[in-house]
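The basis for the numbers below is simple: all heavy atoms, side chains too, and nothing from hydrogens, waters or symmetry mates.
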Amino acid sequence: MITRHRRFGQIAGRQALSVLATLFGLLVLTFVIGRIMPTDPVRAIVGEDATREVYEHVFRQLGLDRPMWQQFLFYMRDVVTFDFGNSVRTGQPITSDLARVLPATFELATFAIIIGAGLGAPLGVIAAVNKDRWVDHIVRVFSLLGHSMPIFWTGMIALLIFYAALGWVGGSGRMSQFYIGMVPERTNFLLIDAALAGQWDVFRSALNHIILPASLLGYSSAAYITRMTRSFMLDQLNQEYITTARVKGLSRRQTHWRHAFGNIRVQLVTIIALAYGSLLEGAVLIETVFAWPGFGQYLTSNLLIGDMNAVMTCVLVVGVIFIALNLLSDILYRVFDPRTR
């Protein structure tokens with residue numbers, strides 16, 4: 001027991017060092033990006049018509065006259081204290097902006113990955129066990145369409161059909177204009193805040209508005225997850241233990257789902273985690289089409305006006321999200337695969 005605890009401590013220590021090293025590398029990367037970008041951060045703040053004196057004052061205020069190593073130390077200090085400055089576009093602290101926009105994207109991405117994983121994994125298994133049959137061809141066409149169709153085009157077409165023509169779902173934004181301001185912002189997760197406040201009309205409106213963009217993002221993720229699941233399953237179905245299980249008289253359902261699918265769960269964890277991370281930082285087009293006030297739209301807007309403080313913070317947040325998802329994947333490995341414990 002002592003040996004096991006000691007081994008666990010060693011593994012946790014190595015993992016912590018790896019995470020810290022990755023975070024430090026991420027800090028260096030974001031700092032370098034902020035310095036090599038052709039955009040002038042001072043000009044973005046003071047404007048094109050500012051005098052030379054005003055420009056130099058802001059230049060010194062930002063610490064850009066200091067040596068590079070000092071700038072990096074100040075940058076690390078600001079990151080540790082969560083002081084990222086103010087956004088040029090909104091005039092608000094960047095942390096406040098992120099606290100507002102990140103929950104909107106988390107809601108959208110979470111709904112999307114539930115749809116994507118819930119649809120993609122079963123379809124991948126079905127396609128693999130029916131390789132080269134008509135079911136497999138249909139699933140592969142489904143995946144191909146999900147990869148090939150531009151999501152901004154499918155978003156506009158879906159709005160025209162399901163919102164404008166049929167009226168089945170809500171339009172742009174997170175909820176109807178009538179309900180804006182009716183729910184106290186406790187967590188900034190609209191569905192949770194509406195439920196906590198007992199505003200079920202607002203909850204239904206928010207759910208009605210999130211269904212369509214989440215379904216489109218979920219379809220895109222499902223296409224990727226389906227392809228990867230099919231590939232993993234085909235590899236497992238060609239293994240000798242599958243043949244042995246069939247010879248022993250196990251049913252196709254037991255062979256495919258309990259044994260073959262059970263052995264690809266670890267691989268699927270990584271795929272789903274990466275797909276979720278991509279949804280969090282890559283939903284720019286769908287957020288633009290649906291006027292969704294999320295993280296992707298915030299990053300793009302600040303990048304266009306050259307607000308490097310906000311851009312660097314967003315890049316840092318994306319990196320931290322992927323590090324956290326990889327760490328979560330490592331933890332789930334030990335849950336699904338006893339050999340890694």
Side-chain angles (χ1 to χ4, degrees), residues 90 96-123 142 145-147 149-226 272 275-301 321:
T90 65
S96 299
D97 288 343
L98 291 178
R100 186 186 73 254
V101 300
L102 272 175
T105 298
F106 269 111
E107 274 189 336
L108 183 61
T110 301
F111 267 78
I113 200 63
I114 290 173
I115 295 171
L119 191 62
L123 285 179
F142 170 86
L145 289 176
H147 272 291
M149 290 190 301
I151 198 163
F152 67 89
W153 180 82
T154 55
M156 290 187 290
I157 296 300
L159 275 174
L160 286 174
I161 297 174
F162 297 106
Y163 169 63
L166 300 176
W168 289 355
V169 296
S172 59
R174 298 179 72 186
M175 59 182 169
S176 299
Q177 295 289 325
F178 177 77
Y179 297 115
I180 293 178
M182 292 182 61
V183 175
E185 295 180 355
R186 299 180 184 177
T187 65
N188 284 325
F189 290 90
L190 183 56
L191 291 171
I192 295 177
D193 288 343
L196 290 175
Q199 297 283 352
W200 299 111
D201 289 341
V202 180
F203 183 89
R204 283 190 291 270
S205 177
L207 189 62
N208 201 31
H209 279 73
I210 202 174
I211 286 175
L212 189 57
S215 297
L216 294 175
L217 283 175
Y219 175 41
S220 178
S221 295
Y224 172 65
I225 294 172
T226 298
I272 294 173
Y276 185 56
S278 298
L279 289 175
L280 288 173
E281 57 90 18
V284 178
L285 292 176
I286 206 71
E287 287 184 359
T288 301
V289 171
F290 286 87
W292 195 265
F295 178 78
Q297 195 175 75
Y298 179 79
L299 171 60
T300 305
S301 300
I321 287 173

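Sorted by first and then second residue, the salt bridge (Lys or Arg N to Asp or Glu O under 4.0 Å) pairs involving residues 209-225 (not counting sequence neighbours) form an empty list. Listed by first and then second residue, the salt bridge (Lys or Arg N to Asp or Glu O under 4.0 Å) pairs that reach into residues 151-167 come to none, sequence neighbours excluded.
Under a 3.5 Å cut-off, the side chain of W292 and the backbone N or O of A104 do form a donor-acceptor pair. At distances below 3.5 Å, at least one donor-acceptor pair connects side-chain atoms of T154 with backbone N or O atoms of I151. In this structure, the side chain of N188 engages the main chain of A99 through a donor-acceptor pair within 3.5 Å.
Across all non-hydrogen atoms, the minimal contact from G155 to V289 is C-CG1, 3.9 Å. When all heavy atoms of G146 and A223 are compared, the pair lying nearest together is CA-CB, 3.8 Å. Nearest heavy-atom pair across L190 and A206 is CD2-CB, 3.6 Å. Residue A291 comes nearest to S172 through the heavy atom pair CB-CB, 3.9 Å, listed as atom of the first residue, atom of the second, then distance.
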Table please: side-chain donor-acceptor pairs of residues 195-203 below 3.5 Å, with sequence neighbours left out.
unit_1: D201; atom_1: OD1; unit_2: R204; atom_2: NH2; d: 2.4

Assess the residue pair R174 and E107 against the criterion (salt bridge (Lys or Arg N to Asp or Glu O under 4.0 Å)); give the C-alpha distance rounded to whole Å, side-chain angles, the decisive distance to 0.1 Å, and a yes or no.
CA-CA 10 Å; R174 298 179 72 186; E107 274 189 336; 2.7 Å; yes
Does the pair L212 and F290 meet the rule for a side-chain contact (heavy atoms from CB on, under 4.5 Å), with working shown?
CA-CA 9 Å; L212 189 57; F290 286 87; 3.7 Å; yes
Under the side-chain contact (heavy atoms from CB on, under 4.5 Å) rule, what do V169 and L159 come out as? Steps first, then yes or no, please.
CA-CA 9 Å; V169 296; L159 275 174; 5.9 Å; no
Applying side-chain contact (heavy atoms from CB on, under 4.5 Å), run through Y219 and I115 and close with a yes or a no.
CA-CA 7 Å; Y219 175 41; I115 295 171; over 6 Å; no
Could you walk me through whether Y276 and T110 pass the side-chain contact (heavy atoms from CB on, under 4.5 Å) test, one step at a time?
CA-CA 8 Å; Y276 185 56; T110 301; 2.9 Å; yes
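The CG atom of L216 lies 8.5 Å from the CE atom of M149; values are rounded to the nearest 0.5 Å. Between L108 atom CG and L279 atom CG the span is 8.0 Å, to the nearest 0.5 Å. With rounding to the nearest 0.5 angstrom, the CG atom of L217 is 5.0 Å from the CD1 atom of I286. Taking CD1 of I225 as the reference point, atom CD1 of I272 lies at 5.0 Å (rounded to 0.5 Å). For the atom pair CD1 of I157 and CZ of F152, the computed distance is 10.5 Å after rounding to the nearest 0.5 Å. In this structure, T105 OG1 and L299 CG are separated by 10.0 Å, a value rounded to the nearest 0.5 Å.
Considering only heavy atoms from C-beta on, F111 comes within 4.5 Å of L207 through its side chain. Contact check for V101 versus Q297: no side-chain heavy atoms found under the 4.5 Å cut-off.
No more than 12 heavy atoms of other residues, nucleotides or ligands sit less than 6.0 Å from atom OH of Y163.
Applying the side-chain contact (heavy atoms from CB on, under 4.5 Å) rule to L119 yields the partners L123, F142, A222; only residues at least two apart in sequence or on another chain are considered. Among residues two or more places apart in sequence or in another chain, the salt bridge (charged side-chain N to carboxylate O under 4.0 Å, His left out) test is passed with D193 by none. Shown here are the side-chain hydrogen bond (donor to acceptor under 3.5 Å, both in side chains) partners of S176, two or more places apart in sequence or in another chain: S205.
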